[in-house]
Amino acid sequence: MNQPLPREFYSRPTDQVARELLGKVLVHVTGDGITSGMVVEDEAYMGESDPGSHAARGITPRNSVMFGAPGVSYVYFTYGMHYCFNAVAKPGGRAGAVLLRALEPLEGEDLMRERRGRGDRLSLTNGPAKLAQALAIGRDQNGVDLTSGGLYFTEGSRGDFRVGTSCRVGLSRGRDLPLRFFIEGNPHVSRKNR
DNA sequence: GACCAGATTGTCT
DNA sequence: GACAATCTGGTCA
């Protein structure tokens with residue numbers, strides 16, 4: 001069994017952490033069982049200088065964990081019905097987080113399908129709100145430590161992939177920055193381009 | 001495949 | 001009171 005990635009992994013520039021998180025495995029242990037998946041797509045959200053980030057307009061009660069310690073989970077609720085999961089990652093003194101956009105299911109695929117209520121294997125975790133639902137990540141997971149087990153990232157088994165880069169998805173501002181990273185050719189990536 | 005509308009509520013101005 | 005780091009199901013092709 002692999003250990004959670006150490007806090008030092010998250011204590012680096014946000015875009016670098018986002019790139020290196022690809023191919024790692026996100027694990028969530030709950031009373032219902034274990035669900036896990038390999039990270040195939042994510043996006044970096046920098047601090048106050050990034051117009052697309054929640055942190056762009058300063059600290060608020062909602063985004064305060066982005067300004068806190070790295071290696072902590074940031075879960076936010078949006079569009080009245082969706083949760084999205086981020087890992088706080090940045091050098092000391094800044095704000096920043098990595099949004100997980102897509103996973104490839106590894107363990108607990110049946111449990112994911114049960115939680116989602118619909119969908120084939122490909123559409124189980126190929127979007128930020130989908131993977132949050134499949135892994136049972138919600139309000140209770142906001143602010144939890146990603147280095148102490150329960151909910152954590154661990155080393156993946158495969159290193160043989162190419163990293164693609166593109167603009168971020170779904171933003172009205174800051175959409176021109178190339179801060180989205182994905183594994184090229186992986187069918188679980190949520191979108192092709194643009 | 002592309003494009004469009006609706007759902008539904010927390011958060012900030 | 002407007003809008004949001006989205007998803008789904010519809011239409012049209």
Discussion item. Side chain of A/Arg62, heavy atoms from C-beta onward: which of C/dA5, B/dC12, C/dC7 has the nearest atom to it?
Written reply: B/dC12

Discussion item. Could you tell me how far apart A/Tyr83 (OH) and C/dC7 (P) are, to the nearest whole angstrom?
Written reply: 15 Å

Discussion item. In whole Å, I'd like the distance from the CG atom of A/Asp42 to the P atom of C/dA5.
Written reply: 17 Å

Item to complete: Rounded to the nearest angstrom, tell me the gap between atom OH in A/Tyr76 and atom P in C/dT6.
Response: 6 Å

Discussion item. Output the rounded distance in Å from CG (A/Leu124) to C1' (C/dC7).
Written reply: 14 Å

Item to complete: Assess whether one donor atom and one acceptor atom, taken from the side chain of A/Tyr79 and the base of B/dA7, lie less than 3.5 Å apart.
Response: no

Worksheet item: Between atom CG in A/Asp120 and atom P in C/dT8, what is the gap in whole Å?
Response: 11 Å

Worksheet item: Between A/Glu41 (CD) and C/dT6 (C1'), how many Å, whole number?
Response: 13 Å

Worksheet item: So, do A/Tyr45 and A/Tyr74 sit near enough that their side-chain heavy atoms are less than 4.5 Å apart?
Response: no

Worksheet item: Just how far, in rounded Å, is C1' of C/dT6 from CZ of A/Phe85?
Response: 17 Å

Discussion item. Using a strict threshold of under 4.0 Å (side-chain N to carboxylate O), is an ion pair present between A/Arg7 and A/Asp145?
Written reply: yes

Discussion item. If the cut-off is 4.0 Å, is A/Arg116 near the phosphate of C/dT8, judged by side-chain N/O to OP1 or OP2?
Written reply: yes

Worksheet entry | Identified pairing partner of B/dT11, criterion: Watson-Crick or G-U wobble below 3.5 Å | C/dA2

Worksheet item: With a non-hydrogen cut-off below 4.0 angstrom, is A/Arg173 in contact with a base, only sugar-phosphate, or nothing?
Response: nothing

Worksheet item: Going through the checks in order, is the side-chain contact (heavy atoms from CB on, under 4.5 Å) test met by A/Arg115 and A/Asp32?
Response: CA-CA 10 Å; A/Arg115 285 169 178 157; A/Asp32 294 334; 3.9 Å; yes

Response to the item:
When A/Arg139 and A/Met81 are each assigned the nearest nucleotide of DNA chain B, the 5'-most assignment goes to A/Met81

Item to complete: May I ask you to verify if any side-chain N or O of A/Thr78 is less than 4.0 angstrom from the OP1 or OP2 atom of C/dT6?
Response: no

Worksheet entry | Phosphate contact (C/dA5 OP1 or OP2) by A/His54 side-chain N/O below 4.0 Å | yes

Worksheet item: For the pair made of CG in A/Asn63 and P in C/dA4, what is the distance, rounded to whole Å?
Response: 16 Å

Discussion item. Ring of A/Phe9, cation from A/Arg12 - is the NZ or CZ under 6.0 Å from the centre and inside 45° of the axis?
Written reply: yes

Worksheet item: Any ion pair linking A/Glu104 and A/Arg121 (charged N to carboxylate O, less than 4.0 Å)?
Response: yes

Practice prompt. Considering only atom P, compute the distance from B/dC3 to C/dA5 and round it to an integer number of Å.
Written response: 22 Å

Item to complete: Give the C-alpha distance, both sets of side-chain angles, the deciding distance and a yes or no for side-chain hydrogen bond (donor to acceptor under 3.5 Å, both in side chains) between A/Glu41 and A/Ser190.
Response: CA-CA 8 Å; A/Glu41 180 184 358; A/Ser190 67; 3.0 Å; yes

Worksheet item: Nearest nucleotide by nearest heavy atom, which residue falls closer to the 5' end of DNA chain C, A/Ser123 or A/Tyr74?
Response: A/Tyr74

Worksheet entry | Per A/Phe77 side chain, nearest of listed nucleotides C/dC7, B/dG10, C/dA5 | B/dG10

Item to complete: Specify the residue among A/Ser172 and A/Gln133 whose closest nucleotide of DNA chain C lies further upstream toward the 5′ end.
Response: A/Ser172

Discussion item. So if I take every side-chain heavy atom of A/His82 and compare against C/dA4, B/dC12, C/dC7, which nucleotide ends up nearest?
Written reply: C/dC7

